[in-house]
Colleague: 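Okay, here's the structure, questions in a sec.
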Amino acid sequence: MAEFDVIIIGAGPGGYVGAIRCAQLGLKTAVVEGRETLGGTCLNVGCIPSKALLHATHCLHDAETNFARMGLKGKSPSVDWPAMLGYKDEVIGQNTKGIEFLFKKNKITWLKGWGSIPGAGRVKVGDTVHETKNIVIATGSEPSSLPGVTVDEKVVVTSTGALSLAKVPKTMAVIGAGVIGLELGSVYARLGSAVTVVEYLDAITPGMDGEVQKTFQRLLKRQGLDFIMGAAVRDVAVARGKARLTYRLRKNDAEATLDADCVLVATGRKPYTDGLGLDALGVDMEERGQIRTGKHYDTNIKGIYAIGDAISGPMLAHKAEDEGIAVAEILAGKAGHVNYNVIPGVIYTTPEVAAVGATEEQLKAAGHAYKVGKFAFMGNGRAKAVFQGEGFVKILADKDSDRILGAHIIGPAAGELIHEICVGMEFGAAAEDIALTCHAHPTFSEALREAALACGDGPIHS
Ligand code: NAI
């Protein structure tokens, strides 16, 4: 008799959520985790701590720029950096302890240590080999390295080091204008660092709607972020605690340098599968290091499954969570399923940026006949009242059926608003369904309704 029905390796959002659902469905469940705390990258050194610092610095920025305009006079707050890091750590602690509580409540065994798979049905943690009917690999991802760049997590940092810098740097160079670079670049720009983002491509946030990219970059520039676009970073040299970054401009091959007190390397992440023993097991891998899985998250080895950042698809905590739930349901004999057409993406800057479904660029490339309904937050009374009248909502709908194909939002609470569209898309909604739904006034969500109206006879407030 196996000791467990399922052992999940990794307690990030994919692994811990999957474990809870496995336990709820009556499976005897264990999770292997080598960190001191549960929650993986997301809770310990990713989503949650970065949101704490984004929130704190957003409040600071608001106080500095908007308080006086609202008749709130007095000295602007000053930054006590160790105290701000303390607040961030407290938020991490509350969340990781919350998962520990959920593990106890659901009778999930935490096998503390780093796991490996000596064979199907067996997971080794420390010197002990545990027998299990099924194994789910949920080991996540790690920052990808850049040739010529050595990370020391002090002067040259990944997102992990950037969340715990000893002090706020005077100058910061960010390599990569993706989600991590722009979220953490925003944090330090608001704290007073002179931030320069060096990006290989000609547009920020690759894969995002082109119009959103342009508006987003313009607004970030206005907040003080500098951009060097079309520049490939070749090398970062550190001397006496300072960094010199060398990059090559793609348009003319010219080389230039940039000096900074701190360099954040944010050039993407790669699946983390080291030490699991996948080679020896003969687990099929994708070309870019992901574990190859079938429709049921099954690998080519019977009884071994994989989910989250370790397999293909967007590297997002909520995608991993959904896969964790789906694989639990599959293991319990139910029909687990993830709708990959409706996975939102959010960037938690100010303004927030959010998207779901197809971009205009993708629809054009696919030759899909579509219509666009767009509405600027400038026409939304609530947004103007809180100085967030910049940005817009854009809904893309099928030209004939009016069915919603995608939505792109840059503006206040975009990360919350996008879910109205997600629910709509899950139900196969037409833009008209959103347009005919009464939206409370005054709310930011009225901008969604107006964009939906713009897919038909036209919006009211523009
Ligand atoms: P990313 O893939 O989003 O962006 C990396 C950027 O670096 C790209 O624009 C790329 O062109 C650029 N780049 C690569 N090599 C370069 C070089 N040598 N010189 C200059 N630029 C270079 O990667 P990022 O921001 O590191 O994020 C990693 C993953 O984590 C992503 O999948 C992201 O979706 C996820 N994430 C999601 C968050 C969210 O949903 N809010 C927050 C943080 C991370």
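Note that these values count all heavy atoms, side chains included, but never hydrogens, waters or copies made by symmetry. First listed ligand is number 1; within each ligand, the first listed atom is number 1.
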Colleague: Give the residue, atom name and distance (to 0.1 Å) of the protein heavy atom nearest atom 5 (C) of ligand 1.
Modeller: A266 O, 3.4 Å
Colleague: Taking only heavy atoms of L201, which atoms of ligand 1 are found under 4.0 Å from at least one of them?
Modeller: 11 (O)
Colleague: Please determine if R234 forms a cation-pi arrangement with Y247, meaning its NZ or CZ atom is less than 6.0 Å from the six-membered ring centre and no more than 45° off the ring axis.
Modeller: no
Colleague: Only heavy atoms of M315, strictly under 4.0 Å: list the atoms of ligand 1 that pass.
Modeller: 32 (O), 34 (O), 35 (C)
Colleague: Does T299 reach the main-chain N or O of I301 with its side chain, forming a donor-acceptor pair under 3.5 Å?
Modeller: yes
Colleague: Say whether K51, considering both its backbone and side-chain N or O atoms, lies within less than 3.5 Å of an N or O atom on ligand 1.
Modeller: no
Colleague: Any nitrogen or oxygen of I347 lying under 3.5 Å from a nitrogen or oxygen in ligand 1? Just yes or no.
Modeller: no
Colleague: Could you check atom 1 (P) of ligand 1 against the protein and tell me its nearest heavy-atom contact, residue, atom and distance included?
Modeller: G178 CA, 4.1 Å
Colleague: Identify the closest protein heavy atom to atom 15 (N) of ligand 1: which residue and atom is it, and at what distance?
Modeller: T267 CG2, 3.5 Å
Colleague: Among E390, R190, Q388, which one satisfies side chain to side chain donor-acceptor pair (under 3.5 Å) with T350?
Modeller: R190
Colleague: What protein heavy atom lies closest to atom 9 (O) of ligand 1? Include the residue and the distance to one decimal.
Modeller: E199 OE1, 2.6 Å
Colleague: Would you call the rings of H55 and Y87 parallel, tilted or perpendicular, taking 30° and 60° as the class edges?
Modeller: tilted
Colleague: Using a distance-only test with no angle check, is there a side-chain donor-acceptor pair under 3.5 angstrom linking H439 and E420?
Modeller: yes
Colleague: With heavy atoms under 4.0 Å as the rule, classify the contact between Y247 and ligand 1 as side chain, backbone, both or neither.
Modeller: neither
Colleague: Counting non-hydrogen protein atoms only, what is the nearest one to atom 21 (N) of ligand 1? Give residue, atom name and distance.
Modeller: Y200 N, 3.1 Å
Colleague: Do E100 and Y16 pass the side chain to side chain donor-acceptor pair (under 3.5 Å) test, and can you show the C-alpha distance, the side-chain angles, and the key distance before you say yes or no?
Modeller: CA-CA 10 Å; E100 240 178 275; Y16 90 74; over 6 Å; no
Colleague: Name all residues meeting the salt bridge (charged side-chain N to carboxylate O under 4.0 Å, His left out) criterion together with D209; count only those two or more places apart in sequence or in a different chain, and write none if there are none.
Modeller: K394
Colleague: Can you find a non-hydrogen atom of S50 under 4.0 Å from ligand 1?
Modeller: no
Colleague: Could you work out, with side-chain hydrogen bond (donor to acceptor under 3.5 Å, both in side chains) as the rule, every residue matching H296, not counting sequence neighbours?
Modeller: none
Colleague: Can you list the ligand 1 atoms lying under 4.0 Å from a non-hydrogen atom of A231?
Modeller: 19 (N), 20 (C)
Colleague: Could you point out which residue of V353, I180, I410 forms a side-chain contact (heavy atoms from CB on, under 4.5 Å) with I347?
Modeller: V353
Colleague: With the side chain counted from C-beta on, respond yes when R288 and K270 share a heavy-atom pair under 4.5 Å apart, and no when they do not.
Modeller: no
Colleague: Of the non-hydrogen atoms in S116 and G275, which two are nearest, and what is the gap between them?
Modeller: CB-O, 3.3 Å
Colleague: Looking only at N/O atoms, are L146 and ligand 1 under 3.5 Å apart anywhere?
Modeller: no
Colleague: Answer yes or no for P206: is there a heavy-atom contact with ligand 1 below 4.0 Å?
Modeller: yes
Colleague: What do you reckon, does E183 have a nitrogen or oxygen under 3.5 Å from a nitrogen or oxygen of ligand 1?
Modeller: yes
Colleague: Are S164 and K88 close enough that a side-chain donor and a side-chain acceptor fall under 3.5 Å?
Modeller: yes
Colleague: What atoms of ligand 1 come within less than 4.0 Å of a heavy atom belonging to I175?
Modeller: 19 (N), 20 (C)
Colleague: For ligand 1, which is the ligand I care about here, please tell me if V233 has any N or O atom under 3.5 Å from one of the ligand's N or O atoms.
Modeller: yes
Colleague: What part of L316, side chain, backbone, both or neither, has a heavy atom within less than 4.0 angstrom of ligand 1?
Modeller: side chain
Colleague: Name the option, out of V198, I180, V174, that contains the heavy atom nearest to atom 25 (O) of ligand 1.
Modeller: I180
Colleague: Under a 4.5 Å cut-off applied to non-hydrogen side-chain atoms, are V136 and L331 in contact?
Modeller: yes
Colleague: Could you identify the single nearest non-hydrogen protein atom to atom 37 (C) of ligand 1 and state the distance to 0.1 Å?
Modeller: V179 CG1, 3.8 Å
Colleague: Please state which part of P143 comes within less than 4.0 Å of ligand 1, counting heavy atoms only: side chain, backbone, both or neither.
Modeller: neither
Colleague: For the residue pair G10 and V31, what are the closest heavy atoms and their distance?
Modeller: O-CG1, 3.8 Å
Colleague: Hey, which atoms in ligand 1 end up nearer than 4.0 Å to a heavy atom of Y348?
Modeller: 41 (N)
Colleague: Salt bridge (charged side-chain N to carboxylate O under 4.0 Å, His left out) between D261 and K167: does it pass, once the steps are laid out?
Modeller: CA-CA 10 Å; D261 298 327; K167 59 180 186 181; over 6 Å; no
Colleague: Would you tell me which option among S141, G268, G176 has the nearest heavy-atom contact to atom 7 (O) of ligand 1?
Modeller: G176
Colleague: Below the 3.5 angstrom mark, is there an N/O of R269, backbone or side chain, next to an N/O of ligand 1?
Modeller: no
Colleague: For atom 41 (N) of ligand 1, what is the nearest protein heavy atom, given as residue, atom name and distance?
Modeller: V346 O, 2.8 Å
